[in-house]
Amino acid sequence: MRVLAGAAFTAALLATVATGCSDGGITGPSAPPPAPSENLIGTAISTVSSTAGALTSTVGATLDLLTCSPQSYAKATESIGPAGGSISVSGHKLVVPRGALSRTVTITMETPSSRVRSVRFSPEGLRFKASAKPTLTMSYSGCLLPHGALLGIDYVSESLNLLETLKSTVDLRQKTVSAGIGHFSRYAIHY
């Protein structure tokens with residue numbers, strides 16, 4: 001009887017220790033990662049503040065890419081140098097401030113044909129001075145927003161997998177979302 005009670009106590013102790021040491025993750029074989037999707041991106045939003053009709057969101061709840069009426073392929077090219085400048089296509093705009101670039105660069109901005117609101121910039125990997133980040137403003141006109149949706153801009157891979165969530169500001173009147181970007185790649189609107 002005493003051996004049985006000791007075994008029960010040991011099992012209970014091991015279960016308690018295992019639970020206390022758990023990181024809360026799933027144990028055992030993991031499920032395969034989901035296939036890339038234009039509708040699904042997982043990260044989070046924890047802080048939202050509102051000032052003068054604008055919302056600001058930062059990392060913290062689950063997010064999905066915003067799905068909208070089809071966006072047609074469009075492309076624009078501009079030469080932008082140390083004096084700064086801007087480039088726009090399909091209602092989306094990038095403003096490069098003075099001093100962000102040390103030399104003139106031919107910049108291409110594209111909107112891929114898709115139901116996701118996204119833009120792609122080249123030359124791929126172009127970096128800007130940290131003290132003078134360009135501002136990307138994306139339009140969400142033509143999109144149905146889920147009730148209580150908090151919008152923001154994500155840095156995404158070509159297959160629309162989340163790479164980074166950017167601190168974003170929403171202009172409800174203009175139906176736009178803005179964020180500072182530090183390099184060129186692909187960006188999309190999440191909710």
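All residue numbers in this chain count up from 1 along the given sequence.
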Could you report the tightest heavy-atom contact between [X] and [Y], atom names first, then the distance?
| X | Y | result |
| --- | --- | --- |
| Ala132 | Ala100 | O-CB, 3.0 Å |
| Thr165 | His190 | CG2-CE1, 3.7 Å |
| Asp171 | Arg173 | OD1-N, 3.0 Å |
| Val116 | Gln71 | O-NE2, 3.8 Å |
| Pro97 | Pro134 | CD-CA, 3.6 Å |
| Thr111 | Ser72 | OG1-O, 3.1 Å |

Item to check | Same apolar cluster (I L V M F W Y, side chains within < 4.5 Å links), Ile87/Val95 | outcome: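 Unlinked, Ile87 and Val95 end up in two clusters.
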Checklist entry - Checking side chain to side chain contact (heavy atoms under 4.5 Å, CB included) for the pair Asp154/Leu65: CA distance, chi angles, key distance, verdict? => result CA-CA 9 Å; Asp154 291 331; Leu65 290 180; 4.2 Å; yes
Checklist entry - Applying ring pair (Phe, Tyr, Trp, His ring centres under 6.0 Å), which residue pairs with at least one partner in residues 69-93 are found, sequence neighbours left out? => result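 Sorted result for residues 69-93: empty, none.
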Checklist entry - Are side-chain heavy atoms of Thr137 and Val177 found at a separation under 4.5 Å? => result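 No - every pair of side-chain heavy atoms lies 4.5 Å or more apart.
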Checklist entry - Is any side-chain heavy atom of Leu151 less than 4.5 Å from a side-chain heavy atom of Leu66? => result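 Contact flag for Leu151/Leu66 side chains = yes.
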Item to check | Chi angles and distances behind the side chain to side chain contact (heavy atoms under 4.5 Å, CB included) call for Val156, Asn161 | outcome: CA-CA 5 Å; Val156 296; Asn161 291 315; over 6 Å; no
Checklist entry - How far apart are the C-alpha atoms of Leu172 and Val170, what are their side-chain angles, what is the distance that settles it, and do they pass the side chain to side chain contact (heavy atoms under 4.5 Å, CB included) test? => result CA-CA 6 Å; Leu172 300 172; Val170 176; 3.8 Å; yes
Rounded at 0.5 Å granularity, tell me how far [atom1] in [X] sits from [atom2] in [Y].
| X | Y | atom1 | atom2 | result |
| --- | --- | --- | --- | --- |
| Thr106 | Glu78 | OG1 | CD | 9.5 Å |
| Leu145 | Tyr140 | CG | OH | 6.0 Å |
| Ile153 | Leu136 | CD1 | CG | 4.5 Å |
| Gln174 | Ser141 | CD | OG | 10.5 Å |
| Cys143 | Arg117 | SG | CZ | 4.5 Å |
| Ile189 | Cys68 | CD1 | SG | 6.5 Å |

Checklist entry - By side-chain contact (heavy atoms from CB on, under 4.5 Å), which residues pair with Val105, not counting sequence neighbours? => result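 By the side-chain contact (heavy atoms from CB on, under 4.5 Å) rule, Val105 matches Leu101, Arg103, Ile107, Pro123, Leu126.
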Checklist entry - By side-chain hydrogen bond (donor to acceptor under 3.5 Å, both in side chains), which residues pair with Thr176, not counting sequence neighbours? => result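 Thr176 satisfies side-chain hydrogen bond (donor to acceptor under 3.5 Å, both in side chains) with no other residue.
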Checklist entry - Between the side chains of Ser118 and Arg186, is a donor N or O closer than 3.5 angstrom to an acceptor N or O? => result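 Side-chain D/A pair, Ser118 to Arg186: present.
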Item to check | Between Ser159 and Ser157: side-chain donor-acceptor atoms closer than 3.5 Å | outcome: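 Indeed, the side chains of Ser159 and Ser157 share at least one donor-acceptor pair under 3.5 Å.
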Item to check | Sequence neighbours excluded, every pair satisfying salt bridge (charged side-chain N to carboxylate O under 4.0 Å, His left out) that has a member inside residues 119-139 | outcome: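 Listed by first then second residue: Glu110-Arg120, Arg120-Glu158.
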Item to check | side chain to side chain contact (heavy atoms under 4.5 Å, CB included) between Thr135 and Leu94, worked out | outcome: CA-CA 6 Å; Thr135 300; Leu94 178 73; over 6 Å; no
Item to check | Partner residues of Phe184 under the ring pair (Phe, Tyr, Trp, His ring centres under 6.0 Å) criterion, sequence neighbours left out | outcome: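 Once residues adjacent in sequence are excluded, the partners of Phe184 under the ring pair (Phe, Tyr, Trp, His ring centres under 6.0 Å) criterion are Phe121, Phe128.
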Next on the checklist: According to disulfide bond (SG atoms under 2.5 Å apart), does anything in residues 71-138 pair up with another residue at least two apart or in another chain? List the pairs.
Outcome noted: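 Sorted pair list comes back empty.
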